[in-house]
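Shown next, in structure tokens, is the structure this report addresses.
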Amino acid sequence: MDSLIHRQRDALRLRPATIKDVRAWNRAKLLWGYLTRQSRLNALPVEYIVETTAKCNLYCPMCPRETHKQPKADMADEVFERLVRESGRSAEHMMLIGLGEPFLDPKIFDRIEFCERHNVSTLLSTNGTFLDEALARRLLASPLEHITLSFDGATRESFEYYRKGARFDKVRENFVRFARMKHEAGSRLQVVVQMVRMERNAAEVDEFVRFWSQVPGVDQVRVKEDETNLMRPDAGHAAGEFQHPCHYLWRGPMYVKQSGDVYPCCQSYMLDGAPVGHLERESLEEIFNGEAMQRLRAMHASGRAGEIEMCARCCTTIPHPVLVAGSLMLHGKTVRRLLPWVERMIYFAGLPKRWLNPPKPQPKAAEPLVQITTKAD
């Protein structure tokens, strides 16, 4: 009976023009809520990070799965489908990624199709180890709209240091072949090759950009700052550095773990924050406007975000409200395409850093004074 009801609901989807209007109104309400610092919102997030699998085949020292043990499990269909159905009128972008490799999820193509039936665009990020020619053809025939090819280095030494278990030559060959196949097919799939800039590959940025910019089919080359604190545990935001509230709490993306636990953002789980709800027990609306989310928004809005341990330890850059406003005036898919250009202008073109508030090394606590007493004579 439930499956029949779900099929009927799918058949009664809103027309694209109507969906566009509903989503634009949803963004407007989120923007108003953010600008007026409301803790309760009459809207839902623009985008989500959805961990459809917790399985991975690599060891990467900067990945939180190395400090947070993950099950060898995939997301239940019931959890995924409930998320898409409840968010379908407002969600514009679903990133089907997390602490697992998406191509280890045997249902990943079914999930892409399910999102497409609800007019939600999808993004994947892959380590490339499974991206052979057959998988590439299947990807190009799917409704996937955006894929990030993760390649952390321009040399074998740095790449294989950060991607233990992967072979530099093989993964690069997979990515180059996929990009060329996309180019030859005239596919509109957005292909971004991304490097996370860290200590061992920082000197390779120019070579990385030069090589991948010349590969046909690559739409953007992104050099991203490391947003985990595994490689720089002292980084974070001091209490006085929260000039603006974190946009994730208003705009999203919310992070949905393979288990169905929902977190306010992708960093909160990795920083040992508690889930704010579970999709098998609560509706998405109840979670997004639950007591935990309202408390987080209220503390950010009042300038007390530094009192929240996971926020103080967070390594994600906090954008200026002007950039947040821009991200809510445009469709989530458009924002995703513009993001690398904004980052490049800020980090490499010398634009004022006030537009993005990056984390800084936290000052070390002073050594406690030792009280020395002398025994009275």
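Rounded to the nearest 0.5 angstrom, His300 NE2 and Ser39 OG are separated by 13.0 Å. In this structure, CZ in Arg117 is found 9.5 Å from SG in Cys115, a value given to the nearest 0.5 Å. Here Arg167 contributes atom CZ and Glu160 contributes atom CD; the two are 8.5 Å apart, rounded to the nearest 0.5 Å. The structure places CZ of Arg85 at 14.0 Å from CG of Leu284, a figure rounded to the nearest 0.5 Å. For the atom pair SG (Cys311) and CD (Glu307), the distance works out to 11.0 Å, reported to the nearest 0.5 Å. Note that the CE atom of Met195 and the CD atom of Glu207 stand 10.5 Å from one another [nearest 0.5 Å].
When the side-chain hydrogen bond (donor to acceptor under 3.5 Å, both in side chains) test is applied to Gln38, the partners found at least two apart in sequence or on another chain are Thr36. Residues passing the side chain to side chain contact (heavy atoms under 4.5 Å, CB included) test with Ala76 are Glu78, Val79, sequence neighbours excluded. Applying the side-chain hydrogen bond (donor to acceptor under 3.5 Å, both in side chains) criterion to Ser150, with sequence neighbours excluded, gives Ser125. Residues meeting the salt bridge (Lys or Arg N to Asp or Glu O under 4.0 Å) test with Arg82, sequence neighbours left out: Glu86. Evaluation of the ring pair (Phe, Tyr, Trp, His ring centres under 6.0 Å) rule for Phe159 yields Phe151, Phe168 as partners, not counting sequence neighbours. Qualifying salt bridge (Lys or Arg N to Asp or Glu O under 4.0 Å) partners for Asp169, counting only residues two or more places apart in sequence or in other chains: Arg156. Listed by chain and number, the residues in a side-chain hydrogen bond (donor to acceptor under 3.5 Å, both in side chains) with Glu113 amount to none (sequence neighbours excluded). Not counting sequence neighbours, the partners of Asn42 by the side chain to side chain contact (heavy atoms under 4.5 Å, CB included) test are Lys29. Arg251 meets the side-chain hydrogen bond (donor to acceptor under 3.5 Å, both in side chains) test with Glu47, Ser327; sequence neighbours excluded.
Sparse packing is recorded around NZ of Lys69, with 12 or fewer heavy atoms of other residues, nucleotides or ligands lying under 6.0 Å away. Remark: His278 NE2 is packed, more than 12 non-hydrogen atoms of other residues, nucleotides or ligands lying under 6.0 Å away. A 6.0 Å sphere centred on CD of Gln190 holds more than 12 heavy atoms belonging to other residues, nucleotides or ligands.
For the pair Arg200 and Tyr162, the cation-pi criterion (under 6.0 Å, within 45° of the ring axis) is not fulfilled.
The shortest heavy-atom contact between Phe208 and Arg222 is CE2-O, 4.0 Å. In this structure, Arg163 and Leu58 approach most closely via the heavy-atom pair CD-CD1, 4.2 Å. Nearest heavy atoms, Glu282 versus Gly277: OE1-CA, 3.2 Å. Closest of all the heavy-atom pairs between Gly252 and Pro45 is CA-CB, 4.2 Å. Minimum heavy-atom separation, Gly273 to Tyr263: O-CE2, 3.3 Å. Taking all atoms of both residues into account, the shortest heavy-atom contact from Gly128 to Asn174 is O-ND2, 2.8 Å.
A donor-acceptor contact shorter than 3.5 Å is absent between the side chain of Asn26 and the backbone of Arg89. With hydrogens and angles disregarded, no donor-acceptor distance shorter than 3.5 Å links the side chain of Lys55 to the backbone of Ala73. Judged purely by atom type and a 3.5 angstrom limit, Lys170 has no side-chain atom pairing as donor or acceptor with the backbone of Thr129. Although no hydrogens or angles enter the test, the distance criterion places no donor-acceptor pair under 3.5 Å between the side chain of Arg23 and the main chain of Thr18. Under the 3.5 Å distance criterion, the side-chain polar atoms of Asp219 are left unmatched by any main-chain donor or acceptor of Val192. Here the side chain of Glu101 pairs a donor or acceptor atom with the backbone of Asn127 at under 3.5 angstrom. Within the 3.5 Å criterion, the main-chain N or O of Gly153 finds no donor-acceptor partner in the side chain of Glu204. Under a 3.5 Å cut-off, the side chain of Asp132 and the backbone N or O of Leu135 do form a donor-acceptor pair. With hydrogens and angles ignored, the 3.5 Å screen pairs no side-chain donor or acceptor of Ser213 with any backbone N or O of Arg210.
A continuous path of ILVMFWY side-chain contacts below 4.5 Å connects Leu30 to Leu44, so both sit in one hydrophobic cluster. Tyr248 and Leu99 sit in two unconnected hydrophobic clusters of ILVMFWY residues. Membership requires side-chain heavy atoms under 4.5 Å apart, directly or through other members. Tracing side-chain contacts under 4.5 Å through hydrophobic residues (I, L, V, M, F, W, Y), one reaches Val262 starting from Leu296; they form part of the same cluster. Residues Val215 and Leu149 are members of one and the same hydrophobic cluster, defined by side-chain heavy-atom contacts under 4.5 angstrom among Ile, Leu, Val, Met, Phe, Trp and Tyr. Follow the hydrophobic side-chain contacts under 4.5 Å out from Leu41 and you reach Leu31 in the same cluster.
Using a 4.5 Å heavy-atom threshold, the side chains of Gln258 and Asp74 count as separate. No side-chain heavy atom of Phe211 sits less than 4.5 Å from a side-chain heavy atom of Val218. Side-chain contact check for Arg111 versus Met75: some heavy-atom pair is nearer than 4.5 Å. In this structure, the side chains of Val256 and Ile49 stay at 4.5 Å or more apart for every pair of heavy atoms. Contact of the Gln194 side chain with the Asp152 side chain is not registered, since no non-hydrogen atoms from C-beta on lie closer than 4.5 Å. Put simply, the side chain of Leu124 does not reach to within 4.5 Å of the side chain of His146, judged on heavy atoms.
Classified by interplanar angle (parallel below 30°, tilted 30° to 60°, perpendicular above 60°), the ring pair Phe175/Trp212 is perpendicular.
Between the side chains of Glu92 and Ser121, no donor-acceptor pair is found at a separation under 3.5 Å.
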TODO: Apply salt bridge (charged side-chain N to carboxylate O under 4.0 Å, His left out) to the pair Glu133 and Arg137, showing each step before the final yes or no.
DONE: CA-CA 6 Å; Glu133 187 170 350; Arg137 292 191 187 283; 2.8 Å; yes
Open item on the list: Applying side-chain hydrogen bond (donor to acceptor under 3.5 Å, both in side chains) to Thr155 and Ser158, what does each step give before you reach the verdict?
Closed with: CA-CA 6 Å; Thr155 65; Ser158 61; 3.1 Å; yes
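Using a cutoff of 4.0 Å between basic side-chain nitrogens and carboxylate oxygens, Arg177 and Glu173 are scored as salt-bridged.
A side-chain contact (heavy atoms from CB on, under 4.5 Å) with Pro102 holds for exactly one of Ile97, Ile112, Ile147; it is Ile97.
For residues 72-108, the set of pairs meeting the ring-ring contact (aromatic ring centres under 6.0 Å, His included) definition, not counting sequence neighbours, is empty. Listed by first and then second residue, the ring-ring contact (aromatic ring centres under 6.0 Å, His included) pairs that reach into residues 21-64 are Tyr34-Trp250, sequence neighbours excluded. For residues 292-303, the set of pairs meeting the salt bridge (charged side-chain N to carboxylate O under 4.0 Å, His left out) definition, not counting sequence neighbours, comprises Glu291-Arg295.
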